[in-house]
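Bear in mind the structure is a predicted one, so any value in this text is a computation, not a measurement. Worth knowing before you read on, the calculation uses all heavy atoms, side chains too, and leaves out hydrogens, waters and symmetry mates. Below, read A as the first sequence line, B as the second, and so on, with proteins coming before strands; counting in each chain starts at 1.
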Amino acid sequence: MLTDITLGQYYPGNSFVHRLDPRTKIIVAFLFIIGTFIATDAITYGMLIGFVALIIGISRLPMSLVVKSIKPLWIILILTLLIHMFTGQGENVIFSWRFLKVTQEGLELGVKMSLRLILLLVVSSILTFTTSPIVLTDGIEALLRPFRSIGVPAHELAMMMTIALRFIPTLLGETDRIMKAQTARGADFNEGNIIKRAKNLLPILIPLFISAFRRADELAVAMEARCYRGGEGRTRMHQLVYKKIDTVAFISTGILLIAIIVVRWGNDLCGLLN
Amino acid sequence: MSIKLENISYTYMQGTPFERNALDDVSVTIEKGEFVAIIGHTGSGKSTLVQHLNGLLKPSTGKAFINDVDLDGKGDEVKKAKHSVGMVFQYPEHQIFAETVYEDIAFGPRNKGFSEEEVEKLVKDAMSFVHLDYEEFAQKSPFNLSGGQMRRVAIAGVVAMAPDYLVLDEPSAGLDPMARDVIFEEIINLYKKRDIGVVLVTHSMEEAVRYANRLLVVSDGKIILDDAPKEIFKNHSQKLLDVSMDIPQVFKLAESLRQKGLTLSEDIIDAKSLVAEIKKQRGIK
Ligand SMILES: Nc1ncnc2c1ncn2[C@@H]1O[C@H](COP(=O)(O)OP(=O)(O)O)[C@@H](O)[C@H]1O
Ligand SMILES: [Mg+2]
């Protein structure tokens, strides 16, 4: 059924990760992504993978869900691996056949690139799995607020996102209802050629648009009736507050990032100091 | 001729964290010619139940039959069986799409394969059933009508399919009392004239008693009572209270009048019939 689509893939829970402030989660995810670009060798990648595994563990997300989030991009992952494998330049040829040549360096680069992609995907999925879309937009708004002075309409952007997200399930439910009603009146949506099929959709699309406009209109009236006039001077019902767990999250991410930097540039740093 | 549900369970969003079991092992048979009311609180599973009556929902477990045709199958026979059940959804005016009232009501009969002459006759009949004047309304845009009129157009669109069974999911929701009475009067007329089976979903006990000759009480995805309304009030009032529903005030009043010694017939269904009965007993004109 249409309504079986889970919205924004939020997976409700009450774990440490779920309870983190959305701003914390966005920043931590961002720092982690920077980390994946700094990491170069097995040790640093090992640290990143360990960190992600730890997060998945304490967020109590089922592993199947995490795997599912990688699935849509598996073709790109394989391609990344193959292209680097066969085009990488290097000395140590480990396999060659006619004009195809795989070097150890190329293989390593391919694995690294694919791993980097997987880590990016998994981390951003964990963010959306553990944060409800509404809370996420709250977080985005709060983080964009400092940029208001250079003309970023933080509140308006967030409000638009919130409303759009809020109405996705409503419209899906509405579509489901209208489809059922027209099916009960004998409509068949899988019959005939393309033109006929497109025409068959009218009995769904017209009521759907009418209802979307009606809802938009009602919402606008309701917002105006409550004196909504944009973000100027607005306070909010759910204040975002940093808690102790956010500090824990920041510190552990910070340690990870510093460790990666030390492993990568540690020797240079020592050299500089001497 | 009957609709039969056998051990039907239904779970919404199966396999997700939002999973919800809406029906739990429900079995029921509805004969043609019955007027059945289904009553229960919001969220008790009434709408889910009636959507199994014409195969709109596929049961998670269990089987549904219309006139002994298994709805799980495919083919023309199954399609025909499904089309013999007319379904009026909650807020049916939201499904209106055509440019004129005529075109919208004709949508169902055309899908069913009637010829244009037949369609015209069916539309005319259906419009007269819901008291919409053909000359005045047929060529109007349905979107310029009042809420009550739009709902009648939507109901006519289902009635025009000449169904053997008519299922109505809270047809009176959001209407004023006058419009409500008009719609019920039309349904009762249709029921009497065409000898169809009617299933009326409602959360108003008064409505259920007034029109139905059989009452199904649904609570938490189960049918907990299934009998004539009178019998249920007489024998199971405690069970109704347990699911925080109550027998209508008139029945309570009639019962206490009986206990005080007034002999009242068993046929009281609303305030009007109670008044008439008291007048009769007291010899008042
Ligand atoms: N499309 C749906 N997706 C998920 N849950 C639903 C859906 N429709 C109904 N439900 C749930 O199933 C239960 C029964 O709903 P419903 O049959 O609509 O009850 P009623 O018509 O008696 O108010 C409710 O708890 C409701 O929340
Ligand atoms: Mg309902």
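- Using non-hydrogen atoms only and a strict 4.5 Å limit, the part of residues 209-222 of chain A facing chain B consists of I210(A), R214(A).
- Within residues 98-116 of chain B, the residues having any heavy atom less than 4.5 Å from a heavy atom of chain A are, in residue-number order, D104(B), F107(B), G108(B), N111(B).
- Atom-to-atom distance recorded for Q95(B):CD and I204(A):CD1 is 11.5 Å, nearest 0.5 angstrom.
- Along residues 119-132 of chain B, no residue comes nearer than 4.5 angstrom to chain A, judged on non-hydrogen atoms.
- The distance from the OH atom of Y91(B) to the CZ atom of R177(A) is 10.5 Å, given to the nearest 0.5 Å.
- Note: P203(A) leads A184(A), A187(A), P203(A) in heavy-atom pairs under 4.5 Å with chain B.
- Applying the ring-ring contact (aromatic ring centres under 6.0 Å, His included) criterion to Y11(A), with sequence neighbours excluded, gives no partner residue.
- Under a cut-off of 6.0 angstrom, the local environment of NE2 in H203(B) is sparse, with at most 12 non-hydrogen atoms contributed by other residues, nucleotides or ligands.
- The residue among H94(B), Q51(B), H83(B), Q90(B) with the most heavy atom pairs within less than 4.5 Å of chain A is H94(B).
- Within a 6.0 Å radius of CD in Q239(A), more than 12 heavy atoms belonging to other residues, nucleotides or ligands are found.
- Within the 4.5 angstrom heavy-atom criterion, no atom of K58(B) approaches chain A.
- Counting non-hydrogen atoms of other residues, nucleotides and ligands closer than 6.0 Å to CZ of F30(A) gives a total of 12 or fewer.
- With a 6.0 Å radius and a threshold of 12 heavy atoms from other residues, nucleotides or ligands, D76(B) has its CG atom at or below the threshold.
- Within a 6.0 Å radius of CD in E77(B), other residues, nucleotides and ligands contribute 12 heavy atoms or fewer.
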